[in-house]
Amino acid sequence: MASASSPEGASSSSPEKVKMVTVLSIDGGGVRGIIPATILAFLEKELQKLDGPDARIADYFDVVAGTSTGGLLTAMLTAPNENNRPLFAADELAKFYIEHSPSIFPQKNWVLSKIAGTLRMVSGPKYDGKYLHSLLREKLGDTRLDKALTNVVIPTFDIANLQPTIFSKFELKYKPLKNALLSDISISTSAAPTFFPAHYFETKDDNGQTREFNLVDGGVAANNPTLCAMSQVSKYIILEDKEDCDFFPVKPTEYGKFMVISIGCGSNHDQKYKAKDAAKWGIFNWLIKGSSAPIIDMFTSASADMVDIHLGVLFSALQCEKNYLRIQYDQLTGSAGSIDDCSKENMDNLVKIGEMLLDKNVSRVDLETGHYVDVAGEGTNRYQLAKFAKQLSDERRRRQNEPSN
């Protein structure tokens with residue numbers, strides 16, 4: 001839950017007071033962010049059925065993590081408005097994408113823009129990012145990471161140091177120079193190579209020390225940021241004084257205390273590549289093939305699936321599979337698989353895919369084929385989200401009613 005409602009000083013020796021760590025994670029995927037936005041709107045409505053119309057996603061999760069478009073959704077769900085409540089309700093997210101995506105990914109004439117876009121990608125990014133940058137500056141203003149309404153974890157990748165840079169509210173006590181503007185973080189995590197320019201900015205702490213950042217899309221490191229979120233919680237536990245730490249003690253068996261909802265943006269399995277064809281590719285084909293960038297597709301898909309595979313095995317080994325819900329659709333075809341097709345027809349279709357995904361059975365990725373297969377006896381994603389909403393509501397009420405020590 002948001003830190004404001006977290007229990008203080010809960011005894012780690014009392015199992016009934018051990019905190020359930022609730023995690024929401026959202027993948028990257030450009031305009032396909034409409035898919036998780038649609039699913040999150042359903043989840044928030046379920047929470048509102050239980051706790052009233054003012055209930056918001058940020059009230060129920062200890063951590064909200066997002067990469068790329070998922071990072072934008074994370075910022076929108078957790079940034080405070082003038083009343084210190086979430087800037088956006090979940091049912092406003094898809095509408096936001098539908099309204100602004102045509103200006104973020106401008107395509108005046110489909111055929112000409114496709115040719116021009118390909119030519120631009122040879123010499124520079126496909127889009128200049130100016131509209132997206134100004135939009136994020138306008139909406140997020142001067143809000144910094146420390147003002148987020150719950151713990152936020154947003155991965156980026158620093159091209160100057162060739163390593164991931166994770167912006168985490170957990171770390172600010174020890175790394176104040178990472179207390180960047182949410183707008184800078186959002187611009188950085190969405191700066192997909194070949195599509196948007198890399199982003200540079202500096203921060204300064206109270207002692208006058210500065211740090212510079214040279215960042216691109218977090219999907220380069222972690223397109224599915226769930227493990228990043230869980231590792232940040234674990235690091236926080238290690239660093240904090242055990243008497244003051246809200247979370248549980250670090251023990252392998254205690255990872256069963258995580259409750260995780262991980263939402264993907266869909267993957268384009270319509271765009272498959274054959275080794276006999278790829279064997280002939282040069283750098284141009286690896287970067288641009290038709291309407292996609294194969295090397296980026298492969299990196300982001302592999303990154304997301306490896307995290308899902310790892311977590312599926314981990315939660316299964318700890319016999320707490322029911323604490324982990326992964327919602328992903330791996331059969332996107334045509335325009336739906338694009339990260340920047342913002343035609344009205346495609347965006348309306350993405351909303352329908354999100355709604356359809358709610359009614360699909362819970363599934364897990366198959367280690368051999370890479371395809372998602374139904375999990376027997378788990379019901380639909382809609383059913384599971386309603387079930388998780390009840391657990392989230394119960395946990396929040398428990399914490400609010402727990403007496404302080």
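Because the structure is predicted, anything quoted here is derived from the model rather than measured.
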Just jot down the side-chain hydrogen bond (donor to acceptor under 3.5 Å, both in side chains) partners of [X], sequence neighbours excluded, or say none.
X      : result
Asn223 : none
Lys390 : Asp394
Glu212 : Tyr200
Lys178 : Glu171

Checking the side chain of [X] only, and the main-chain atoms of [Y] only, is there a donor and an acceptor separated by less than 3.5 Å?
X      : Y      : answer
Thr38  : Glu355 : no
Arg382 : Leu358 : no
Ser234 : Met230 : yes
Thr143 : Leu140 : yes

Should the pair [X]-[Y] be classified as a salt bridge under the 4.0 Å nitrogen-to-oxygen rule?
X      : Y      : value
Arg137 : Asp184 : yes
Asp340 : Lys126 : yes
Lys49  : Glu46  : yes

For residues 323-351, pull every pair meeting ring-ring contact (aromatic ring centres under 6.0 Å, His included), keeping only residues two or more places apart or in separate chains. Phe315-Tyr324
Sort and list the pairs that fulfil side-chain hydrogen bond (donor to acceptor under 3.5 Å, both in side chains) and have at least one residue in residues 69-90, not counting sequence neighbours. Asp59-Arg85, Thr69-Tyr97
Could you go through the ring pair (Phe, Tyr, Trp, His ring centres under 6.0 Å) check for Phe196 and Phe105 one step at a time? CA-CA 10 Å; Phe196 290 111; Phe105 305 108; 5.7 Å; yes
Got a sec, which residues hit side chain to side chain contact (heavy atoms under 4.5 Å, CB included) with [X], two or more places apart in sequence or on another chain?
X      : value
Val375 : Val362, Arg364, Glu378
Ala89  : Glu44, Arg56, Asp91, Glu92
Tyr131 : His100, Ser103, Ile104, Leu135

Considering only residues two or more places apart or on different chains, which pairs with a residue in residues 214-232 satisfy salt bridge (charged side-chain N to carboxylate O under 4.0 Å, His left out)? none
Side chain to side chain contact (heavy atoms under 4.5 Å, CB included), paired with Asn179, selected from Leu172, Thr203, Asp205: Leu172
Please examine the side chains of Asp62 and Val233, heavy atoms only from C-beta on, and report whether any two atoms are closer than 4.5 Å. no
Are side-chain heavy atoms of Asp27 and Pro36 found at a separation under 4.5 Å? no
Could you give me the CA-CA distance, side-chain angles and deciding distance for Tyr60 and Asp51, then say whether side-chain hydrogen bond (donor to acceptor under 3.5 Å, both in side chains) is met? CA-CA 11 Å; Tyr60 296 85; Asp51 296 329; 2.6 Å; yes
Starting from the C-alpha separation in whole Å, work towards a yes-or-no answer on side-chain hydrogen bond (donor to acceptor under 3.5 Å, both in side chains) for Asp374 and Ser363. CA-CA 4 Å; Asp374 292 353; Ser363 58; 5.3 Å; no
Listed pairs under 3.5 Å, donor-acceptor, residues 152-161 side chains, sequence neighbours left out:
from   : atom 1 : to     : atom 2 : distance (Å)
Thr156 : OG1    : Thr165 : O      : 2.7
Asp158 : OD1    : Ala160 : N      : 2.8
Asp158 : OD1    : Asn161 : N      : 3.1

Point-to-point distance, once rounded to the nearest 0.5 Å, from OG of Ser190 to NE2 of His199: 9.0 Å
Ring pair (Phe, Tyr, Trp, His ring centres under 6.0 Å) with Phe388: which residues, sequence neighbours excluded? none
Just checking, is any N or O donor in the side chain of Ser335 or Asn346 under 3.5 Å from an acceptor N or O on the other one? no
No-hydrogen, no-angle side-chain donor-acceptor test under 3.5 Å, Asp330 and Ser267: no
Could you walk me through whether Lys147 and Asp142 pass the salt bridge (charged side-chain N to carboxylate O under 4.0 Å, His left out) test, one step at a time? CA-CA 10 Å; Lys147 299 303 181 184; Asp142 296 328; over 6 Å; no
Quick one, Glu395 with Arg398, criterion salt bridge (charged side-chain N to carboxylate O under 4.0 Å, His left out). Give me CA distance, side-chain angles, the key distance, then yes/no. CA-CA 5 Å; Glu395 175 67 8; Arg398 184 189 69 76; 2.9 Å; yes
